[in-house]
Amino acid sequence: MRRGLHGVESSRPRRQSMSERPVRTRIAPSPTGDPHVGTAYMGLVNMVHARQHGGSFVLRIDDTDRTRYRHGSEEQIFEALRWLGLEWDEGPDKGGAKGPYRQSERTAIYREHTELLLERGGAYRCFCTPERLAKLRAEQQARKERTRYDNHCRELDPEESARRAAAGEPHVVRLKMPLEGSVVVEDLLRGPIELKQDNFQDQVLVKQDGFPTYHMASVIDDHLFEISHIIRAEEWISSAATHKVLFEAFGWEMPVLCHMPLLRNHDKSKISKRKNPTSILYYREAGFLPAGLLNFLALMGWGGPKNPDGSCEEIFGLDAMLEHFRLEEVSLGGPVFDLEKLRYVNGRHLRALPSDAYVEAVRGYLFAEDKLRRVCALAQPRTETLGEFLDVTSFFFGRVEHATPETRKRPLPEREPVAGLVPKGRSKEETWFALRIVQEALDRLDPWHHEALEETCRALASEEETGWKARELFMTLRVVMTGRTESPGLFETMELIGKPRGMGRLGDAMRLLGEPGKKKLKKWEKAREARRRSAAGGGAVRA
RNA sequence: GGCCCCGUCGUCUAGCGGUUAGGACACAGGCCUUUCAAGCCUGCGACGCGGGUUCGAGUCCCGUCGGGGUCACCA
C-alpha cells in the first residue's frame, strides 16, 4: 500500500509552511443524541495526534441545527469523553483563547464572514422558495436527472440582491462552486482525490433561519481556531471539495485533511445503533473499562506497537499509543466493530488491574452510594431476608439474558426468547415492530424519569401506535429490561437501570427477535403511517 | 444511478518486490486444575478475479468484480 508514501512525501513540499504552524486538532460533535463511539474514535485519534506533536486538541460543539438539538446531549458528550480520559485543551466548558467553542454562540462571527464572502463574490443570496425548489426537484426527477439546484440566483445583480435582503425577503446564502472541471483535495492517507464538477452543487452556507450549515461554520471555525489537521471520518470525503472551495473563497490556508475509515457493523455498513450499541455511555454502564475501549478503538485501523519479532502488541495503554501510533500508518479498510474482540481486549485490561484497583472498579460500578440507596428503596418492600436481595434486584447489577438458557449459546437466529418477551398470541416479528416504536420514542426521551417513561409508554400502547394493550406492552418491556416477568414497578425500574443500559437492553432484545426483512419493514412503515393518519383524521386528540 | 473511497483468514491486523504470508479474536482439540474461568500448546483458516510490469508480485500499473460512503436550508 502507498499510505506511507503519501504521508511522508506528499507533505514534504509544504513542510516549510507547516513547520510554522503548531499542530491543532479538533472534534466537533453535535449534541443531537447519545455520545457516539465514532466520536470517541475520532477523539482518540485527534487527541493522540495533537499530543504527539506538542499541539492542542480542541472540542467544539456543533449545534447549528436547532431542530435536531437534544437537551442534555452536550453534557453527556463531555461526560463520555472525560470518562474515557480524552481530555481536551480548549472547549466550551473550559474556555481557551479562540472561543467561544459552541457554534450557536458564534453567530455574529458567521454573519460577519457571510458578509465578507458575499463581498468577495464567493457566495450569493438565493431567494428561491421551497416551493420552487420542490418543483425543480420533481421536474428533474421526472426527467431522471440528478436533483440539484439550478443556480437560478447565482447571477443575480448584487445590488438587487442586497436590496431584497434589506427589505427582509427570506433567503439562503449559497457557495459558488466551480462550473466546470474538478477540485483536487489532498488526503494524508490517500493522496490526491479528484472530485468532479458534475456532482457539485451550490451548497447552502447560511440557512433561512440565519444559522450557518455545517460546511460554513466548520470552515470558518477551523480557520479561526487555527486547526492544522482535520482528522475526521471518511463519510466527509465528498464534502471536501466544498470545504476546499470555501477555504479558497476566503483566501485561507487549507488544513491538512485526513479521512479515517468508518467503523462498521458486522454487515460492513456504517456503524449504526440499529445493529450495534453505539452510545459510549452504554459501554460504561455495561462495565467496560476506559482503557479497554480505548485500546480496542486504537486497533481499528492500526496494529498496535511493534514487538521485536515483528508482530504487533495488541494490548496496550494510551501511553504506548502516544509513543508508537502513527497517523500516516492507519489502514484504510473499514474495520468491523466486533463486540467479541472488545470483550477480550477489555478482559485483558481488567485482569491486569492490581487487586485493589479491581476492588475499587467493582465498588464504583456496582455499589456507588447513590445507586445502592435507590436500589435498596425498591428492594426493601420486597424482601423478607437479606438473602433475597439479589433475587429481587440482580438486573440492576448484572447482565440481562433474553434468550432461554438452553438456546443462549446458539447463534442469534436460533435462540429462543425467554417467557414473556413475546406475549401470547403475538409473533416475534410483531414484538420487534412494537419494540421499534418504543425504541424510537424512548430514544428521544430526556430526562429519563419514571413519570416521563410511563407517560410515553402508555401513549404507545394505543391503536395508532403499536396497536398493543398496555398489559402486553408493559410485560414485554418488563422482560426486555429485567429478563423476568416479575419486578418492581416497571418505570421506576427503568429509571434506575438508566437510559444507556435500558436502550442497550432494548436493542439486545430486538436483535434476538431478529430484524424483519426490508420488504416487511417497508410494508410495516406504510401501515403505521396509515394508522396514524386515520387516528388523526378520526378527530383523536393527540399531543 | 452519478461521483468518491476501500479490498490479506469469519473478524481486527502485520506485510511496504524475494516470507513455509506473521500475530490476535472467534472456533475445534489438548495440557493444567476438584470444577469453571484464566494461562499454555496444537489445529482450522486469507492475499476477490483477470491481465500486464518484473528474473520474481499480497506488495507497482490497468481492467473487472465486490463492499462502503455520499449526493439536504443534517451533521
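In what follows, every chain begins at residue 1, and chains take the letters A, B, ... in the order their sequences are listed. Given the structure is predicted, the values throughout are model-derived calculations rather than measurements.
Look at B:G50: its Watson-Crick or wobble partner, with both distances under 3.5 angstrom, is B:C62. Across all strands shown, B:G45 forms no Watson-Crick or G-U wobble pair with both key distances under 3.5 Å. In a base pair of the Watson-Crick type (N1 to N3 plus N6-O4 or O6-N4) or a G-U wobble (N1-O2 and O6-N3), with each distance short of 3.5 Å, B:U34 is matched with no nucleotide. Across all strands shown, B:G2 pairs with B:U70; the Watson-Crick or G-U wobble distances both stay below 3.5 Å. Base pairing annotation: B:C25 forms a Watson-Crick or G-U wobble pair with B:G10, both donor-acceptor distances under 3.5 Å.
Here the P atom of nucleotide B:A72 and the CD atom of A:Gln141 are 10 Å apart, to the nearest Å. In this structure, the NE2 atom of A:His215 is 12 Å from the P atom of B:U70, given to the nearest Å. Nucleotide B:C73 holds its P atom 17 Å from the OH atom of A:Tyr214, rounded to whole Å. In this structure, A:Leu342 places its CG atom 14 Å from P of B:U13, rounding to the nearest Å. Atom NZ in A:Lys196 sits roughly 15 Å away from atom C1' in B:U70 (whole-Å rounding). As a whole-Å value, the separation of A:Arg343 CZ from B:A24 P is 20 Å. Computed from coordinates, the A:Met300 CE to B:A14 P distance equals 11 Å when rounded to whole Å. At whole-Å resolution of the value, CZ in A:Arg146 and P in B:G1 are 13 Å apart.
Backbone-only engagement by A:Gln201 is indicated by non-hydrogen atom pairs under 4.0 Å involving sugar-phosphate atoms exclusively. Among the atoms of the strands shown, only primed sugar atoms or phosphate atoms (P, OP1, OP2) are found under 4.0 Å from some heavy atom of A:Glu194. Note on A:Arg137: only backbone sugar-phosphate atoms sit closer than 4.0 angstrom, heavy atoms only; bases stay farther off. In this structure, A:Gly347 reaches neither bases nor backbone, as no heavy-atom distance under 4.0 Å exists between it and the strands shown. Within 4.0 Å of A:Arg351, counting heavy atoms only, lie sugar-phosphate atoms of the nucleic acid but no base atom. As judged by a 4.0 angstrom heavy-atom cut-off over every strand, A:Val336 is placed among residues touching the sugar-phosphate backbone only. Across all strands, A:Tyr344 comes closer than 4.0 Å only to sugar-phosphate atoms, never to a base (heavy-atom distances). Using a 4.0 Å heavy-atom distance criterion, A:Lys144 is classed as making no nucleic acid contact.
Between A:Trp252 and A:His223, the ring planes lie parallel to each other; the angle is under 30°, not in the 30° to 60° tilted range. Between A:His243 and A:His215, the angle of the ring planes lies from 30° to 60°, which puts this pair in the tilted group.
Between A:Arg70 and A:Asp34 there is a salt bridge, since a side-chain N of the basic residue sits under 4.0 Å from a carboxylate O of the acidic one. A salt bridge links A:Asp187 to A:Arg190: at least one charged side-chain nitrogen sits closer than 4.0 Å to a carboxylate oxygen.
With distances taken from any side-chain atom of A:Glu235 to the nucleotides B:U70, B:C4, B:C6, the minimum falls on B:U70. Which of B:C25, B:A14, B:C12 sits closest to the side chain of A:Pro335 comes down to B:C12. Considering only the side chain of A:Thr64, B:A75 comes nearest among B:C6, B:A75, B:C12. Closest to the side chain of A:Val172, out of B:A72, B:C73, B:A75, is B:C73. Ranking B:U70, B:A14, B:C71 by closeness to the A:Ser238 side chain, first place goes to B:U70. Across B:G1, B:A75, B:C5, the shortest atom-to-atom separation from the side chain of A:Ile193 is found for B:C5. Set against B:C73, B:A24, B:G2, the side chain of A:Val204 has B:C73 as its closest nucleotide. In this structure, the nucleotide among B:U70, B:G67, B:U13 sitting nearest to the side chain of A:Arg264 is B:G67. Closest to the side chain of A:Arg190, out of B:G68, B:A75, B:C6, is B:C6. Of all nucleotides listed (B:C5, B:G68, B:C25), B:C5 comes nearest to the side chain of A:Ile237.
Projected onto RNA chain B by closest heavy-atom contact, A:Pro130 and A:Ser269 fall at different nucleotides, the more 5' of which corresponds to A:Ser269. The nearest heavy atom of RNA chain B to A:Gln203 and to A:Leu195 marks one nucleotide each, and the one closer to the 5' end goes with A:Leu195.
B:G2 and B:G39 have their P atoms separated by 50 Å, given to the nearest Å. B:U11 and B:G18 have their C1' atoms separated by 30 Å, given to the nearest Å. Between the C1' atoms of B:C60 and B:G29, the separation comes to 43 Å (whole Å). B:A21 and B:G63 are spaced 26 Å apart, taking the C1' atom of each and rounding to whole Å. The gap from the P atom of B:U33 to that of B:C47 amounts to 41 Å, rounded to the nearest Å. B:U59 and B:A46: their C1' atoms are spaced 15 Å apart (whole Å). Nucleotides B:U8 and B:C3 are separated by 28 Å at their C1' atoms, to the nearest Å. Nucleotides B:C44 and B:G52 place their P atoms 34 Å apart, quoted to the nearest Å.
Remark: A:Arg164 is positioned above the aromatic ring of A:Phe127, its terminal NZ or CZ atom under 6.0 angstrom from the ring centre and at most 45 degrees off the axis.
There is no side-chain donor-acceptor pair under 3.5 Å between A:Arg106 and A:Gln103.
Under the 6.0 Å cut-off for aromatic ring centres, A:Trp236 and A:Tyr214 qualify, their centroids lying closer than that.
The one candidate from A:Arg24, A:Lys244, A:Arg26 that meets the salt bridge (charged side-chain N to carboxylate O under 4.0 Å, His left out) condition with A:Asp222 is A:Arg26.
Side-chain N/O atoms of A:Lys268 include none lying less than 4.0 angstrom from OP1 or OP2 on B:G69.
Within a 6.0 Å sphere centred on CZ of A:Phe397, other residues, nucleotides and ligands contribute more than 12 heavy atoms.
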